[in-house]
Structure formats: C-alpha cells, structure tokens
Engineer: 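Encoded as structure tokens, here's the structure I'll be asking about.
Given the structure is predicted, the values throughout are model-derived calculations rather than measurements.
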Amino acid sequence: MVRTPLTPWERERGERLGELLRAARGERSMVEVAAAAGLSAETLRKIETGRAPTPAFFTVAALAGALGLSLDEVAVLATPPDAAPENGAHGGAAA
C-alpha cells in the first residue's frame, strides 16, 4: 500500500497536536505518559515532534485519556484555526 504524501494542512495539524500533547504532559516524563496510554515512549516522541503527524484515532484517544484531555479539546486545539482540509478531504487517521 502506497501512502499519499501529507498535505501542508495535515503536517501543521500534526505539529499542533504534538505541541498540545507536550504542553498537557507538563513535567511528567514521556515514559510515564506513554506507559499510562499503553504506548511506547518512542511513539509518543514521534507524535510530539511531528514525525508521526497522523496517529491512529485510538492512539490519540489513549493519550488524551492519560493526559486528562477530552477528544473535543484535542480536535479543536490541534486544528489550525485558519486552515481547512484541501478538497474537503480529511485524510490521515486521527487528530
């Protein structure tokens, strides 16, 4: 399966998701938060740094739960305010 390249909107959304998760994590370590979400610290690191800009829905849901965020908060705060998906497509798996 060949994955289509990410759009600028998807990349920006991924960066904003990473920023949101870093801020919500605060002083807690990546290892602590990742373990609470049932993920590896490397997965969390990739999401926080934007190297995995379209994580799966259940990955985002697990992180939101571990960080005390609602999925509504994540959706609103991770979406660039003046950006919209190209051609009405939502692309990616989550966030």
Engineer: Would you mind listing every salt bridge (Lys or Arg N to Asp or Glu O under 4.0 Å) that reaches into residues 52-61, with sequence neighbours excluded?
Structural biologist: none
Engineer: Is any side-chain heavy atom of Arg16 less than 4.5 Å from a side-chain heavy atom of Pro80?
Structural biologist: yes
Engineer: Can you run down the salt bridge (Lys or Arg N to Asp or Glu O under 4.0 Å) pairs that involve residues 26-40, sequence neighbours left out, and say none if there aren't any?
Structural biologist: none
Engineer: Go through the structure and list residues passing side chain to side chain contact (heavy atoms under 4.5 Å, CB included) with Thr4, not counting sequence neighbours.
Structural biologist: none
Engineer: Of all residues at least two apart in sequence or in a different chain, which pass the side chain to side chain contact (heavy atoms under 4.5 Å, CB included) check with Val31?
Structural biologist: Ser29, Ala41
Engineer: Roughly how far, to the nearest 0.5 Å, is the CG atom of Leu21 from the CG atom of Leu77?
Structural biologist: 10.5 Å
Engineer: Partners of Arg25 by salt bridge (Lys or Arg N to Asp or Glu O under 4.0 Å), sequence neighbours excluded?
Structural biologist: Glu48
Engineer: Measure across Val74 and Val60 and return the closest heavy-atom pair with its distance rounded to 0.1 Å.
Structural biologist: CG1-CG1, 3.8 Å
Engineer: Which residue is it: Thr59, Thr49, Val33? I am looking for the one with a side chain to side chain contact (heavy atoms under 4.5 Å, CB included) to Leu44.
Structural biologist: Val33
Engineer: Could you pull out all residues at least two apart from Arg45 that satisfy salt bridge (Lys or Arg N to Asp or Glu O under 4.0 Å)?
Structural biologist: Glu42
Engineer: Mind listing the closest non-hydrogen atom pair of Arg13 and Thr54 along with its distance?
Structural biologist: NH2-CG2, 3.9 Å
Engineer: Pro55 and Leu17: which non-hydrogen atoms are nearest, and at how many Å?
Structural biologist: CG-CD2, 3.7 Å
Engineer: With sequence neighbours left out, what residues match Thr43 under side-chain hydrogen bond (donor to acceptor under 3.5 Å, both in side chains)?
Structural biologist: Ser40
Engineer: Applying side chain to side chain contact (heavy atoms under 4.5 Å, CB included), name anything that partners Ala36, two or more places apart in sequence or on another chain.
Structural biologist: Ala66
Engineer: Indicate if Leu67 and Val76 have the same hydrophobic cluster label, given that clusters are the connected sets of ILVMFWY residues with side-chain heavy-atom separations under 4.5 angstrom.
Structural biologist: no
